[in-house]
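For reference, the structure is listed below as structure tokens.
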Amino acid sequence: MALKLGLVGIGKIARDQHIPALAGDPRFELAATASRNAGVDGVPGFTSVEAMLAAVPELDAISICTPPQAHFDAALAALRAGKHVMLEKPPAATTRQIALLQAEAARHGRTVFQTWHSRFAAGVDAARDWLRGRTLTGGTITWKEDVHHWHPGQQWIFDAGGLGVFDPGINALSVLTEVLAEEVVVNKAVLAFPENQQAPIAAQLDLRTEAGVAVNAEFDFRQKGEQTWDIELVTTSGRLRLSHGGGTLAIDGQPVQADEALAGEYPRLYARFAELCAAGQSEVDWRPFQLVADAFLIGERRTVAAHHV
Ligand code: NAP
């Protein structure tokens, strides 16, 4: 029996990735949507999660694709109604909300899958395996994209809680925390806030591993021309480069061919969600979000030119 799923927040990522991934996965049936201003042809649509849960009680699961500021209330309502929950990244608006959702899922015996889609990029598993047993000596993350191109008209990203450039930057941190054997902390951060906005448009992080090795990260939303989502990690026995957001791996300059089964981040995300629901397990790892929160806690603030979405 396919899991009946309610999709929440019908915007760019729901249309680009979630709906096609669901359409290709017989383990799910898109049975309802909840979105204030949008819907999906042929699928019963509601303007709130509460209305959807009340009208379609047979739903097994919901998948939340709204901006992070709207995750907590929707996820809490769904868990309390006995549904499994999948959360887009960033997982929530505050760190405490994630802990409470995890506890609520356990209380109701339901799954909460707090996703990091970039961890499902084709090169990530091989990068993690290659790094095991090697000694890291340094690293750089370069995550630079044009916000006008990738987030057209999205004011929420620059509102309080929208995370600004950390909305994509957290993807890099999700990959870093997945592939490294050792933990990292934020040693220093510099955040650039447009004078008219509540969230940073650029950030520099000085991350340190437990062994004191520096990994420097540069995030920038003002990139024109070539877009860059690269992680380079140097060890005493070779270097790796993950490019295209984790999709391409090279070791010592030589491309590593990814297994075809690893293609498609969102089909793999939903496959994992189905496994977790069947096993009655949750998957929550909010270390990337903690690193972002820590950057806000200790970051130096710079004011830069106004930005208009
Ligand atoms: P989006 O195009 O703005 O769509 C999100 C939808 O959520 C909106 O269209 C809106 O639909 C609904 N919504 C509910 N509460 C909202 C609020 N307080 N503010 C704004 N919209 C609200 O955004 P998106 O690009 O799909 O991104 C959504 C989430 O997916 C983000 O957390 C983002 O990090 C993640 N994501 C995005 C991408 C990407 O390429 N864009 C890639 C991976 C992950 P209604 O008005 O109909 O309610």
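One is the number of the first residue; the rest follow in order along the sequence. Counting convention: from 1, in listed order, for ligands and their atoms alike. All values below come from the heavy atoms of this structure, side chains included, with hydrogens, waters and symmetry mates left out.
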What atoms of ligand 1 come within less than 4.0 Å of a heavy atom belonging to P68? 32 (O)
Residues K12, Q154; criterion side chain to side chain contact (heavy atoms under 4.5 Å, CB included); working and verdict: CA-CA 10 Å; K12 186 170 190 308; Q154 295 180 357; 4.2 Å; yes
Ligand 1 atoms in contact with Q154 (distance to a heavy atom under 4.0 Å): 1 (P), 2 (O), 3 (O), 23 (O), 24 (P), 25 (O)
Minimum-distance protein heavy atom relative to atom 46 (O) of ligand 1: N37 ND2, 2.7 Å
Between R268 and E265, is there a salt bridge with N-O shorter than 4.0 Å? no
Selection from S35, G245, P67 by shortest heavy-atom distance to atom 20 (C) of ligand 1: P67
Hey, is K4 close enough to D60 for a salt bridge, meaning N to O under 4.0 Å? no
What part of R36 sits under 4.0 Å from ligand 1 if we count only heavy atoms: the side chain, the backbone, both or neither? both
Any N/O pair I13/ligand 1 closer than 3.5 Å: yes
C65 heavy atoms within 4.0 Å reach ligand 1 at atoms 5 (C), 28 (C), 29 (C)
Give a yes or no on this: more than 12 heavy atoms of other residues, nucleotides or ligands lie within 6.0 Å of atom CD of E226. no
Please determine whether residues L3 and L79 belong to a single hydrophobic cluster, defined as Ile, Leu, Val, Met, Phe, Trp and Tyr linked transitively by side-chain heavy-atom distances below 4.5 Å. no
Heavy-atom pairs closer than 4.0 Å: do any link ligand 1 to the side chain of H117, the backbone, both, or neither? side chain
A38: numbered ligand 1 atoms lying under 4.0 Å from its heavy atoms: 47 (O)
W229 and W150: aromatic ring centres closer than 6.0 Å? yes
Less than 4.0 Å between a side-chain N and a carboxylate O, is that true for K188 and E300? yes
Is the distance between the ring centroids of F113 and H84 under 6.0 Å? no
Do any nitrogen or oxygen atoms of H151 lie less than 3.5 angstrom from nitrogen or oxygen atoms of ligand 1? no
If you measure from atom 32 (O) of ligand 1 to every heavy atom of H71, E265, E88, K89, which option wins on shortest distance? K89
Which ligand 1 atoms, with their elements, are less than 4.0 angstrom from a heavy-atom of A70? 15 (N)
Classify the ring geometry of F193 against F296: parallel below 30°, tilted from 30° to 60°, perpendicular beyond 60°. perpendicular
In the protein, which heavy atom is nearest to atom 4 (O) of ligand 1, and how far is it? G11 CA, 3.2 Å
Could you identify the single nearest non-hydrogen protein atom to atom 2 (O) of ligand 1 and state the distance to 0.1 Å? K12 N, 2.9 Å
Would Y266 count as a contact of ligand 1 if the rule is a heavy atom under 4.0 Å away? yes
Within the 4.0 Å heavy-atom cut-off, what D167 brings close to ligand 1 is side chain
Answer yes or no: is there an ion pair linking E178 with R119, defined by an N-O contact shorter than 4.0 Å? yes
